[in-house]
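In what follows, a single structure is set out as structure tokens and then discussed.
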Number of protein chains: 2
Amino acid sequence: MKLYVSGRTPNPRRVSVFLAEKGLHIERVDLDIMKEEHKDAGFVAMNPWQRVPVLVLDDGTAICESIAICRYVEALHPMPPLFGTTPTSQALIEMWNRRLELNLLAQIAAIFRHSHPAMAHLEVPQVPAWAQANRPKVDESLAILDRELANREFIAGDTYSVADITGLIALDFMKPVKLTIPDGLDHIRRWHETLRARPSGSVW
Amino acid sequence: MKLYVSGRTPNPRRVSVFLAEKGLHIERVDLDIMKEEHKDAGFVAMNPWQRVPVLVLDDGTAICESIAICRYVEALHPMPPLFGTTPTSQALIEMWNRRLELNLLAQIAAIFRHSHPAMAHLEVPQVPAWAQANRPKVDESLAILDRELANREFIAGDTYSVADITGLIALDFMKPVKLTIPDGLDHIRRWHETLRARPSGSVW
């Protein structure tokens, strides 16, 4: 099994943190996106959308999408469970993982991709107005998350889950786009510190 | 159990088609988004992001996000399996569902939300340049999907899955934004016709 990643990018990091929480190691292949190694024919054959991470199994099957890879790892190594263990907890973890991805991480990524000079040759065309439109959406989501976190330690309940991993990656990704958690959102700040303090919290 | 939906909108439809494939019926509450019923305090308490669908369980637990709802239904009613039955098939169905959602449905939705006059008071601000930037991405994804579908009946393999449902919803959502499947993409056209011909294919 080989895991294709690329430097310090957010989606491969979701898998890295997940593996650290499971105490697992998978051999890695590190692509240099700035050198466009993700456009090499061999990689495009594995993922026509030219994105990392990709997990290639020993029989050649390529599993793309960070959450699909995490789910595969969970099926082979169920402990500790990070996707829930009952129909309700599985649904709520899926819900929170998607909320954090679609209502926070995606907006931060949009700001990065559509405003950062380093992305100009990868995101064509950059749409600065789209970066700008996403800024208030980040603040809205942070405010909602802060209220939710007032009553529980982790975002989907009392135990750590894959949704917390997506939250960690999103909050850490605020730094390169120079966003900060607004004053007064103490619950989200506490949550972020809890996630970062875990052994998995500084993994890339 | 009650399912909150809203008229002929794509994400609630994913759940409706999923339920039809399972042969299940859940009582529905139909919100009028044009009348901003999704902003009523009772609904916002269930989903602070103010979106449908939401499945409310008898104990009051609110499950938001169409795929989280589908996964909950699958756990209670495993047959026929629509999320896969082995670690590999589960991962590949998750992968394809995410690709169809993140690389096709999301782009079509962006075009709709950022160019359709009816969305002007719901999507603030509309960013026409963002709608425009998504048009070539739709064509790129359709071309990739067509090549993939040359060798198999359904998108994640030989059996119908939740990923096909997301594909059906995405392809049908092209009509209101006046997009069509480009000439020559016969495999994707055949796939679309297969999905529409099922009893679930015309459900809303």
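The sequence lines fix the lettering, A, B, ..., with proteins before strands; numbering per chain opens at 1.
- Neither the backbone nor the side chain of A/Ala106 comes within less than 4.5 Å of any heavy atom of chain B.
- Most heavy-atom pairs under 4.5 Å with chain B: of the set A/Ser66, A/Ser141, A/Ala62, this distinction falls to A/Ser141.
- Of the listed residues A/Ile67, A/Leu76, A/Leu55, the one with more heavy-atom pairs under 4.5 angstrom with chain B than any other is A/Ile67.
- Using bins of under 30°, 30° to 60° and over 60° for the plane-to-plane angle, the ring pair A/Tyr4/A/Phe43 lands in the tilted bin.
- Here the rule is side chain to side chain donor-acceptor pair (under 3.5 Å) with A/Thr166, and of A/Arg99, A/Arg14, A/Arg98 only A/Arg14 fits it.
- A/Phe83 and A/Phe18 have tilted rings, their planes meeting at an angle from 30° to 60° on a 0 to 90° scale.
- Ranking A/Pro48, A/Pro136, A/Ala75 against chain B, the residue ahead of the rest is A/Pro48, based on heavy-atom pairs under 4.5 Å.
- Within the 4.5 angstrom heavy-atom criterion, no atom of B/Glu74 approaches chain A.
- There is no contact between A/Asn134 and chain B, counting heavy-atom distances below 4.5 Å.
- Interface remark: A/Leu102 contributes side-chain atoms only to the contact with chain B (heavy atom separation under 4.5 Å).
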Handout entry: Stepwise side chain to side chain contact (heavy atoms under 4.5 Å, CB included) test for B/Trp191 and B/Asp164
Key = CA-CA 9 Å; B/Trp191 178 52; B/Asp164 295 294; 2.9 Å; yes
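- Ranking A/Ala133, A/Pro125, A/Pro87, A/Ala129 against chain B, the residue ahead of the rest is A/Pro87, based on heavy-atom pairs under 4.5 Å.
- B/Trp49 and A/Trp96 have perpendicular rings, their planes meeting at more than 60° on a 0 to 90° scale where under 30° would count as parallel.
- Below 30°, between 30° and 60°, or above 60°: for B/Tyr160 and B/Phe154 the angle between ring planes is above 60°, a perpendicular geometry.
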Handout entry: Intermediate values then yes/no, salt bridge (charged side-chain N to carboxylate O under 4.0 Å, His left out), B/Glu153 and B/Arg190
Key = CA-CA 9 Å; B/Glu153 183 170 6; B/Arg190 180 267 307 159; 5.7 Å; no
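- Only the side chain of A/Arg51 comes within less than 4.5 Å of a heavy atom of chain B; its backbone N, CA, C and O stay farther away.
- When heavy atoms are compared at a cutoff of 4.5 Å, A/Leu57 approaches chain B solely by way of its side chain, counted from C-beta outward.
- At a 4.5 Å heavy-atom cutoff, the contact between A/Ile63 and chain B is made by backbone and side-chain atoms alike.
- If you measure heavy-atom distances from A/Thr86 to chain B, you find no contacts under 4.5 Å at all.
- Ion pairing between a basic and an acidic side chain is recognised when a charged N comes within 4.0 Å of a carboxylate O; A/Glu94 and A/Arg71 show such pairing.
- No part of B/Asp59 comes within reach of chain A, as not one of its non-hydrogen atoms sits under 4.5 angstrom from that chain.
- For the pair B/Arg13 and B/Asp172, the salt-bridge criterion is met [side-chain N within less than 4.0 Å of a carboxylate O].
- Residue B/Glu123 touches chain A through its side chain alone, counting heavy-atom pairs closer than 4.5 Å.
- Closest non-hydrogen pair, A/Met174 versus A/Leu142, comes out as CE-CD1, 3.8 Å.
- Between chain B and the residues A/Leu92, A/Ile69, A/Asn103, the most heavy-atom pairs under 4.5 angstrom are made by A/Asn103.
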